[in-house]
Number of protein chains: 2
Amino acid sequence: MAVGRDQIITLAIQHLNEDPTASMAQLAEATGVSRATLHRYFAGKEELLVVLGSRALDGWERVQRQAAIEEAAASADPARITTALHELLTGLVNDVQEHGFALTEHVMTKLPGLQERADELEEREIAFYLAAQRAGVLRPDLPVRWISNTVYGLLVAVRESLRRGDVARRDIERTLLETFLRGTS
Amino acid sequence: MAVGRDQIITLAIQHLNEDPTASMAQLAEATGVSRATLHRYFAGKEELLVVLGSRALDGWERVQRQAAIEEAAASADPARITTALHELLTGLVNDVQEHGFALTEHVMTKLPGLQERADELEEREIAFYLAAQRAGVLRPDLPVRWISNTVYGLLVAVRESLRRGDVARRDIERTLLETFLRGTS
DNA sequence: TTCGTTTGAGACATCCGTGTTTCAAATGAT
DNA sequence: ATCATTTGAAACACGGATGTCTCAAACGAA
């Protein structure tokens with residue numbers, strides 16, 4: 001077999017991380033396939049982007065599940081919540097490395113279905129942050145949605161730091177956690 | 001007089017904050033001017049974007065100057081540096097409200113001259129953060145470029161929080177400062 | 001009012017990205 | 001080796017955005 005569908009998806013994501021404005025022709029070239037074949041796998045650019053966006057959301061959902069944020073929130077146990085928070089942020093860092101382009105690309109949010117699913121995942125995470133506030137793990141005086149946006153913004157910072165080589169890959173989780181929890185002073 | 005050049009610039013920025021992918025036709029309509037007139041003021045879309053991007057950079061530079069970050073850094077006085085840091089972040093919040101679209105829009109960074117100037121401003125700010133670290137105002141164990149990226153990421157969080165109404169405008173500076181300096185725990 | 005300037009509407013050419021189709025070549029299984 | 005399937009290259013149509021141009025209308029100053 002030449003280049004499979006999954007491989008196309010992977011390579012397309014990699015290329016979009018470098019150039020989020022890539023055209024179908026550029027994506028075809030980057031994935032080692034002709035424009036015609038790319039259209040045989042995906043009906044159009046919109047469908048391709050929906051698939052890639054769904055992959056990114058799959059990764060996000062998987063991170064939430066592996067960190068068991070719902071169970072930790074339900075337990076109301078500070079230790080469990082703290083552990084889940086660490087696992088969540090660590091997993092998100094991995095995800096950002098793979099699907100970082102989806103973070104700030106405005107085109108993704110206009111595709112059918114993606115925004116709704118992203119909102120659901122965000123709401124789940126907000127519920128977790130709220131439980132963390134109630135358990136004394138996170139400050140209760142900050143708006144919980146601000147906390148959610150803070151994580152989002154810091155992930156953008158992570159993406160840029162890794163892209164520009166400002167922080168070593170092996171240090172980034174600890175740096176993110178330190179900054180998020182204790183700040184910069 | 002009908003609509004002046006400065007007014008076009010202001011309205012165009014406002015519209016791009018809502019729709020960063022706006023076409024020249026949409027910008028003409030949003031600024032209350034015909035497409036022909038828009039082209040009389042600006043040779044092309046690239047020139048228009050360069051002008052708008054320069055405005056955003058002007059605002060950034062003005063904030064740095066008004067906060068007197070260079071003088072504060074040179075003084076090595078913790079109190080002065082702290083004051084400058086507060087003024088810097090407060091000013092950046094204002095700037096983000098006006099020129100938020102330029103924060104994450106990739107098209108801006110490819111325009112001639114803009115990236116170079118943005119790099120200069122960033123380097124000045126990094127020098128200030130470094131002085132803040134040496135003065136004990138900011139943690140010395142974090143990479144200074146990470147701190148710079150953190151500010152950038154948190155400004156993205158500020159933009160989104162204001163856009164979605166998650167945080168009141170009058171609370172956002174304090175919230176940002178608290179989060180940046182002391183973290184979320 | 002008169003005259004020079006500015007503007008808007010529309011037509012037009014051009015470019016670029018998307019999407020489709022065709023056909024020959026490459027591939028792969030038997 | 002044969003035959004069915006898949007692929008690539010090229011050509012084509014199409015739409016949207018950009019940029020240019022013209023001319024009549026609106027405007028503003030004298």
Side-chain angles (χ1 to χ4, degrees), chain A residues 1-56 101-102 104-115, chain B residues 1-56 101-102 104-115:
Chain A
M1 58 176 255
V3 186
R5 197 181 133 105
D6 280 352
Q7 195 176 354
I8 291 179
I9 293 175
T10 302
L11 292 172
I13 289 178
Q14 284 180 18
H15 193 260
L16 282 176
N17 279 330
E18 294 168 8
D19 180 13
T21 68
S23 67
M24 288 293 271
Q26 290 173 303
L27 289 177
E29 204 258 339
T31 56
V33 112
S34 76
R35 229 158 54 84
T37 300
L38 190 58
H39 272 90
R40 285 184 188 109
Y41 280 116
F42 307 96
K45 186 169 193 179
E46 177 167 308
E47 183 181 312
L48 173 60
L49 289 181
V50 168
V51 170
L52 301 190
S54 296
R55 284 293 175 103
F101 76 97
T104 52
E105 218 47 39
H106 221 273
V107 55
M108 307 299 295
T109 71
K110 299 180 185 176
L111 298 177
L114 289 190
Q115 190 57 53
Chain B
M1 60 175 252
V3 187
R5 196 182 133 105
D6 280 352
Q7 195 175 354
I8 291 180
I9 293 175
T10 301
L11 292 172
I13 289 178
Q14 284 180 19
H15 193 260
L16 282 176
N17 278 329
E18 294 168 7
D19 180 13
T21 69
S23 66
M24 287 293 272
Q26 290 173 302
L27 289 177
E29 203 259 338
T31 56
V33 113
S34 75
R35 231 158 54 82
T37 301
L38 191 57
H39 271 90
R40 285 183 188 108
Y41 280 117
F42 308 95
K45 185 167 193 180
E46 178 167 310
E47 184 181 311
L48 173 60
L49 289 180
V50 167
V51 170
L52 302 190
S54 297
R55 283 292 175 103
F101 76 97
T104 52
E105 219 47 38
H106 259 277
V107 54
M108 307 300 296
T109 70
K110 298 180 183 174
L111 298 177
L114 289 190
Q115 190 58 53

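Just so it is clear: chains get the letters A, B, ... in the order the sequence lines come, proteins before strands, and each one is counted from 1.
- The two residues B/L27 and B/A22 make their nearest non-hydrogen contact at CD2-CB, 4.0 Å.
- Counting any heavy atom pair closer than 4.0 Å across all strands shown, B/F42 reaches no nucleic acid atom.
- Side-chain nitrogen and oxygen atoms of B/Y41 include none within less than 4.0 Å of the OP1 or OP2 phosphate oxygen of C/dT6.
- Separating the CE atom of A/M24 from the P atom of D/dG8 is a distance of 14 Å, rounded to the nearest angstrom.
- The backbone N or O of A/H15 sits nowhere less than 3.5 Å from a side-chain atom of A/E18 that would complete a donor-acceptor pair.
- In the displayed structure, B/E29 atom CD is contacted under 6.0 Å by at most 12 heavy atoms of other residues, nucleotides or ligands.
- Contacts between residues 25-36 of chain B and DNA chain C, defined by a heavy-atom separation under 4.0 Å, are made by B/G32, B/V33, B/S34, B/R35, B/A36.
- A pairwise comparison of heavy atoms in A/T31 and A/A12 identifies CG2-N, 3.7 Å as the closest pair.
- Taken to the nearest 0.5 Å, the CE atom of B/M24 stands 4.0 Å off from the CG atom of B/L38.
- For the pair A/E46 CD and C/dG19 P, the computed distance is 9 Å after rounding to whole Å.
- A donor-acceptor contact shorter than 3.5 Å is absent between the side chain of A/E47 and the backbone of A/G44.
- Side-chain to base pairing of A/R40 with C/dG19: no donor and acceptor N or O lie closer than 3.5 Å to each other.
- The distance from the CD1 atom of B/I9 to the CZ atom of B/F42 is 4.5 Å, given to the nearest 0.5 Å.
- In this structure, the side chain of B/R35 does not engage the main chain of B/A28 through any donor-acceptor pair within 3.5 Å.
- Among the nucleotides C/dT7, D/dT7, C/dT20, the one closest to the side chain of A/T37 is D/dT7.
- Taking atom NE2 of B/H39 as the reference point, atom C1' of C/dT14 lies 13 Å away to the nearest angstrom.
- A straight line from CG of B/L38 to C1' of C/dG10 spans 17 Å, rounded to a whole angstrom.
- Atom P of nucleotide C/dT18 and atom CD of A/E47 are separated by 15 Å, given to the nearest angstrom.
- Within the 4.5 Å cutoff, no side-chain heavy atoms of B/I13 are placed close to those of B/L16.
- Axis orientation changes by 30° from one end of the helix from C/dT1-D/dA30 to C/dT30-D/dA1 to the other, with each end axis drawn from 5 pairs and the value rounded to 10°.
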